[in-house]
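Data block below; observations after.
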Amino acid sequence: MIVFIDLGRNMALYGIKSSIINAPLYQNAAASLRSIRQKGLDLLPNVQFSNEKFLYKVRDIGKNFSSDKQRLALGITALATQPVIDAKNKRVDEKTRKVSVARTIAKIIAGTLTGFLIRYGCIKSIKSFSQIPGKGVPKYKTIFTPKGIKDNQTDAFEQYRNAMGTVIALGIMVFTNFLIDAPLTKFLTNTFVKHQEMEDKK
Amino acid sequence: MMNSSNLFSRFKSAMYKRYGENPGTMLVHTGVLGWILSAMAQVSAVVFNDKISKEQKSFLIPQELADAGINILSFYLITSSFKKVASKLVSTGKISTAKIRNFIKTKVDNPEKYIGRFDSNIGKDFPEIKDDYKVFKNGIDVIASTAGSILSCNIVTPVLRNEVAAKLQKDALVKMHETDNNSNTQIGKPVTMNNYIRLSSIKYSSQSLKI
């Protein structure tokens, strides 16, 4: 009975969808949108890469650049931009601005350190616990292996390990955010502010 | 009723299917998840902190939610747009490698009908070079996602947050002064050190900690 109701509902939805899609108004709007998008694409030049060194780098990034490296890249670039943005924030007075810059630098260092290390550790750990089931492989070492996987050397499986490691890391970091990041940020901020005050006194 | 073992098994398969071929999408989605979890942690830190009074909570929770909204939206919109545009440029052949383009030129008489056409998909139209296409596309996707996340996390979000935080902090200060029956409001003046420290002491973080 439920199957028939579902079937009827799906057919009705399909009917509504196709009548909308086939309506002249929809067709005209879709054609116009396609044309605009095509014109936008035409504005860009065709780019062709042939430098093998560059292409090797691109392929390598696609295969091996996982979330831990992305977090590290975010942290390093954050150090170059965020303190400058805070230092130029004219909405707060000078002393506040200095504390704000110190806090931002401390936050970036603490967040990047824990973010990178926990992601890196989790991705590494997932690799150990996603082996292919077989003789001599303990069951706990296959705990993160999806069903039906026969080869753990493929690029797709490596990407899966990265994704799973990242998700586990995010779960852990909900707690380390308070247990490590926050106290470390506070400690570093105080250290930087004290250093700044000593510099100002000189 | 599905047991936890089946649920976990389905979760692993879904992760493999969804992200095995799409590292760029994985970086966008886990980045958004990171911001959501971070925001939840920040908001719960205020909600469940007994040392923060009810009145202060009524100021701080909207501030934390505003922070969270800016962080999540800015990250998702910018990073996923970068990734989508890069994907489209590769799938239409607008950005390509010499090997892929030469293959198309030898395979069809009218390559211009495929290269740079909005509806074309090089990976599907030419399955013979699927592997070359895929590794190149994955690389470009990851580069675009990372560039998008750097732009959003390190430039757009801090600027937006400074604007919004300054306004919210001033509003909060006004309300706090009103609550304390103190008429010495700070409207229109820069936030002072004392007020900043006062706010910082009750606000877990003036800017969310990215996890």
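Letters go in sequence order (proteins before strands), and every chain restarts at 1.
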Taking atom CG of L43(A) and atom NZ of K94(B), what is their separation to the nearest 0.5 Å? 8.5 Å
For residues 14-24 of chain B, which side-chain donor-acceptor pairs fall under 3.5 Å, sequence neighbours excluded?
{"from": "Y19(B)", "atom 1": "OH", "to": "H29(B)", "atom 2": "ND1", "distance (Å)": "2.9"}
{"from": "E21(B)", "atom 1": "OE1", "to": "K134(B)", "atom 2": "NZ", "distance (Å)": "3.0"}
{"from": "N22(B)", "atom 1": "ND2", "to": "R18(B)", "atom 2": "O", "distance (Å)": "3.3"}

Working to the nearest 0.5 Å, report the span between CD of Q82(A) and CD1 of I155(B). 9.5 Å
For the interface with chain B, which of V58(A), L41(A), I61(A) has the highest count of heavy-atom pairs at distances below 4.5 Å? L41(A)
Would you tabulate the side-chain donor-acceptor contacts of residues 74-81 of chain A under 3.5 Å, counting partners in other chains and residues two or more places apart, or write 'none'?
{"from": "T77(A)", "atom 1": "OG1", "to": "A73(A)", "atom 2": "O", "distance (Å)": "2.7"}
{"from": "T77(A)", "atom 1": "OG1", "to": "L74(A)", "atom 2": "O", "distance (Å)": "3.1"}
{"from": "T77(A)", "atom 1": "OG1", "to": "N154(B)", "atom 2": "ND2", "distance (Å)": "2.8"}
{"from": "T81(A)", "atom 1": "OG1", "to": "T77(A)", "atom 2": "O", "distance (Å)": "3.2"}
{"from": "T81(A)", "atom 1": "OG1", "to": "N154(B)", "atom 2": "O", "distance (Å)": "3.0"}

Is it true that, when you exclude E94(A) itself, more than 12 heavy atoms of the residues, nucleotides or ligands shown sit nearer than 6.0 Å to its CD? no
Taking R59(A), Q70(A), M164(A), R97(A) one by one, which has the highest count of heavy-atom pairs under 4.5 Å against chain B? Q70(A)
Do any of residues 116-126 of chain B have a heavy atom less than 4.5 Å from a heavy atom of chain A, and if so, which, in residue order? G116(B), R117(B), F118(B), D119(B)
Less than 4.5 Å to any heavy atom of chain B: does that hold for the side chain of L55(A), its backbone, both, or neither? side chain
Under 4.5 Å from any heavy atom of chain B, what part of I149(A) do you find: side chain, backbone, both or neither? side chain
Spacing of T92(B) atom OG1 and Q38(A) atom CD [to the nearest 0.5 Å]: 8.5 Å
Checking heavy atoms, do the side chain of T157(B), its backbone, both or neither come under 4.5 Å from chain A? neither
Counting only heavy atoms closer than 4.5 Å, note whether S149(B) contacts chain A via side chain, backbone, both or neither. both
Between the side chain of K63(A) and the main-chain N/O of V135(B), is any donor-acceptor distance below 3.5 Å? no
Count the heavy atoms of every other residue, nucleotide or ligand shown that sit under 6.0 Å from OH of Y76(B), and state whether that count exceeds 12. no
Is it the backbone or the side chain of N51(A) that comes under 4.5 Å from a heavy atom of chain B, or both, or neither? neither
The interface call for I100(B) against chain A, heavy-atom contacts under 4.5 Å, is neither
Within this structure, what is the CZ-CZ distance for the pair F8(B) and F144(A), rounded to the nearest 0.5 Å? 4.5 Å
Quick check on T145(A) against chain B: is it the side chain, the backbone, both or neither that has a heavy atom closer than 4.5 Å? backbone
From T97(B) atom OG1 to E52(A) atom CD, the distance as rounded to the nearest 0.5 Å: 8.5 Å
Is there side-chain contact between N138(B) and D155(A), with heavy atoms separated by less than 4.5 Å? yes
Most heavy-atom pairs under 4.5 Å with chain A, out of I143(B), V142(B), D141(B), I140(B), belong to V142(B)
Can you tell if the side chain of Y160(A) reaches within under 4.5 Å of the side chain of M26(B), non-hydrogen atoms only? no
Among pairs that include at least one residue of residues 38-47 of chain B, which meet salt bridge (charged side-chain N to carboxylate O under 4.0 Å, His left out), considering only residues two or more places apart or in two chains? none
Is there side-chain contact between R101(B) and N46(A), with at least one heavy-atom pair below 4.5 Å? yes
Contact origin within T114(A) toward chain B - heavy atom pairs under 4.5 Å: neither
To the nearest 0.5 Å, atom OG of S38(B) lies from atom CE of M173(A) at 9.5 Å
